[in-house]
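All values below come from the heavy atoms of this structure, side chains included, with hydrogens, waters and symmetry mates left out. First listed ligand is number 1; within each ligand, the first listed atom is number 1. All residue numbers in this chain count up from 1 along the given sequence. Predicted model, so just to flag it, every value in this text is computed and none were measured.
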Amino acid sequence: MTEPIPTPARSNLVGASRAELAQLLAELDPRPFRAEQVYQWLTRRMAGGVAEMTNLPKALREGLAARAEVRDPEIVETRRGSDGTAKLALGFADGAVVEAVAMPMEGHTTICLSSQTGCAVGCVFCVTGVLGAGRNLTGAEIFGQYRAVLRHEGLVGAPVNVVFMGMGEPLLNVAGVARAVELIAETVSPKRVTVSTSGIVPGIAKLAALERRPKLAVSLNATTQAQRERLMPAASHWPLAELLAVLRAFPLERGRRITFEYVMLAGINDSDDDARRLPRLLKGIPCKVNLIPLNPDERYLGGLAAPDETRISAFAGILAAAHMNVTVRWSKGREVAAACGQLRGQIALRPPASP
Ligand code: SAH
Ligand code: SF4
């Protein structure tokens, strides 16, 4: 009996750069405009397959389809909230699942993407962090996630903002995130893309060196080093002083500011003293502060609660009196567990960590 001949796995066109496409097409049609056409189909029109690339000659489409395919992650679950928020779970070939969120805003939709399948930073107020580390998504996987969300939600060609505020720490995966930002930049200007970091100093320096930089948001969440280490264990590698120094040196395009996110935890980091320390810490950095009342999760974040509205207003008032630009983020998507810190990827499979 003869063994079946294994068919070689076809490569994935999603995530390819112009140069990689040119290389793939070299034997079929080496003219540069052909690679550009394919690139546009993948990054702008979000084609779901080679057959859709109708401005390529049939023979070229057949040749290309024999060598490569268009493969996005599979949407394995969709949940919709009454505020229009859609949370999508996306599955990859190795079984990893991440979550992405689409939030309708005024005049655009904000797409929140994951950069890793878990998070090693381990913040005590974040479900992703409580569940622990995962692996980096490749640039192609992140871009595939973006394409899958746009296609599924009917948003191809629609105005969108992109935020890397889903699962994972984007600046522990700078290579993957930078490739995805470059591909997304084909349709969304980097000034409409925000990377949120827990404060990975070497990652911030790498982001600063990118030619087309997205906006930077930093999750501060505490006003002293000791408090920050308790809340964000891995962030203890980079002391506040070092973090603030790299942020003071971060190149800001005209009109841009750094956003500081501050998750508010009742009785932990919401005191008047905290509020008074913040402006002193951030002095000299063009910035705005985004207060995020904790999104609770009984199962994974038991014991932690958001302050009441009076406390949040008093805290915000102290910042405003110190001439800080401050906003409160009342998170969308809470009812479908799609709000900040509620993403976990593995749909109802993992038990909570033992106390
Ligand atoms: N890892 C990155 C990006 C993902 S988290 C970061 O930490 O910045 C995105 C934002 O959600 C962060 O500002 C984080 O502080 C916040 N967040 C995490 N858990 C939260 C929760 N349970 N409630 C409200 N915000 C939360
Ligand atoms: Fe990771 Fe951000 Fe969650 Fe902290 S808040 S555990 S850095 S995803």
Does the N161 side chain pair with the main chain of T110, one donor and one acceptor, at a distance under 3.5 Å? no

Is there a donor-acceptor pair closer than 3.5 Å between any side-chain N or O of R228 and the backbone N or O of L240? no

Tell me if a side-chain donor or acceptor on S114 pairs with a main-chain N or O of M167 at a distance below 3.5 Å. yes

Can E141 and R71 be said to form a salt bridge (charged side-chain N to carboxylate O under 4.0 Å, His left out), step by step? CA-CA 9 Å; E141 287 175 325; R71 196 170 55 235; over 6 Å; no

Which protein heavy atom lies closest to atom 22 (N) of ligand 1, and at what distance to 0.1 Å? F125 O, 2.7 Å

Just to verify, which of N269, L304, I268 counts as forming a side chain to side chain contact (heavy atoms under 4.5 Å, CB included) with F125? L304

Decide, yes or no, whether a salt bridge links R213 with E253 under the criterion of side-chain N to carboxylate O below 4.0 Å. yes

Please list, in number order, the atoms of ligand 1 under 4.0 Å from a heavy atom of I292. 24 (C), 25 (N)

Distance under 4.0 Å to a non-hydrogen atom of L301: what atoms of ligand 1 satisfy this? 22 (N)

Could you tell me whether R147 and E186 make a salt bridge, using a distance below 4.0 angstrom between a side-chain N and a carboxylate O? no

Of all protein heavy atoms, the one nearest atom 19 (N) of ligand 1 is G341 CA, 3.0 Å

Atom 21 (C) of ligand 1 has as its nearest protein heavy atom C340 O, 3.2 Å

For ligand 1, indicate whether the residue V121 contacts it via side chain, backbone, both or neither (heavy-atom separation under 4.0 Å). neither

Can you count the protein N/O/S atoms lying under 2.8 Å from atom 3 (Fe) of ligand 2, leaving waters out? 1

Atom 16 (C) of ligand 1: the protein heavy-atom neighbour that sits closest, reported with distance to 0.1 Å: V263 CG2, 3.7 Å

Select one of side chain, backbone, both or neither to describe which atoms of E261 lie under 4.0 Å from any atom of ligand 1, heavy atoms only. side chain

Would you mind telling me if ligand 1 is within reach of the side chain of V218, the backbone, both or neither, using heavy atoms under 4.0 Å? neither

Quick one: does any side-chain atom of T85 pair with a main-chain N or O of G81 as donor and acceptor, under 3.5 Å? no

Where the side chain of Q227 meets the backbone of T223, is there a donor-acceptor pair that is under 3.5 Å apart? yes

Could you identify the single nearest non-hydrogen protein atom to atom 9 (C) of ligand 1 and state the distance to 0.1 Å? M165 O, 3.7 Å

Contact list for residues 27-36, test side-chain hydrogen bond (donor to acceptor under 3.5 Å, both in side chains), sequence neighbours left out: R18-E36, E27-R67, D29-R31, D29-R34, R34-Q37, E36-Q40

Residue selection (non-hydrogen contact nearest atom 23 (N) of ligand 1) among T194, L304, N295: N295

Tell me: protein heavy atom nearest atom 3 (C) of ligand 1, and distance? S196 O, 3.4 Å

Can you tell me how far the CD1 atom of I200 sits from the NZ atom of K206, to the nearest 0.5 Å? 10.5 Å

Do E52 side-chain atoms and G48 backbone N/O form a donor-acceptor pair below 3.5 Å? yes

Selected option - heavy-atom contact closest to atom 1 (N) of ligand 1, from G168, C119, P296, G199: G168

Numbering the atoms of ligand 1 from 1, which are under 4.0 Å from a heavy atom of E169? 1 (N), 2 (C)

Check ion pair D272-R311 (N to O, under 4.0 angstrom): yes

Any A217 heavy atom less than 4.0 Å to ligand 1: no

For Q116, does its backbone N or O pair with a side-chain atom of N136 as donor and acceptor, under 3.5 Å? no

Going by the order shown, which atoms of ligand 1 are within less than 4.0 Å of some heavy atom of G166? 4 (C)

Return the residue, atom name and 0.1 Å-rounded distance of the protein heavy atom closest to atom 13 (O) of ligand 1. S219 OG, 2.7 Å

So the atoms of ligand 1 within less than 4.0 Å of a heavy atom of T197 turn out to be 6 (C), 8 (O)

For the residue pair H108 and V160, establish whether any side-chain heavy-atom pair is separated by less than 4.5 Å. no

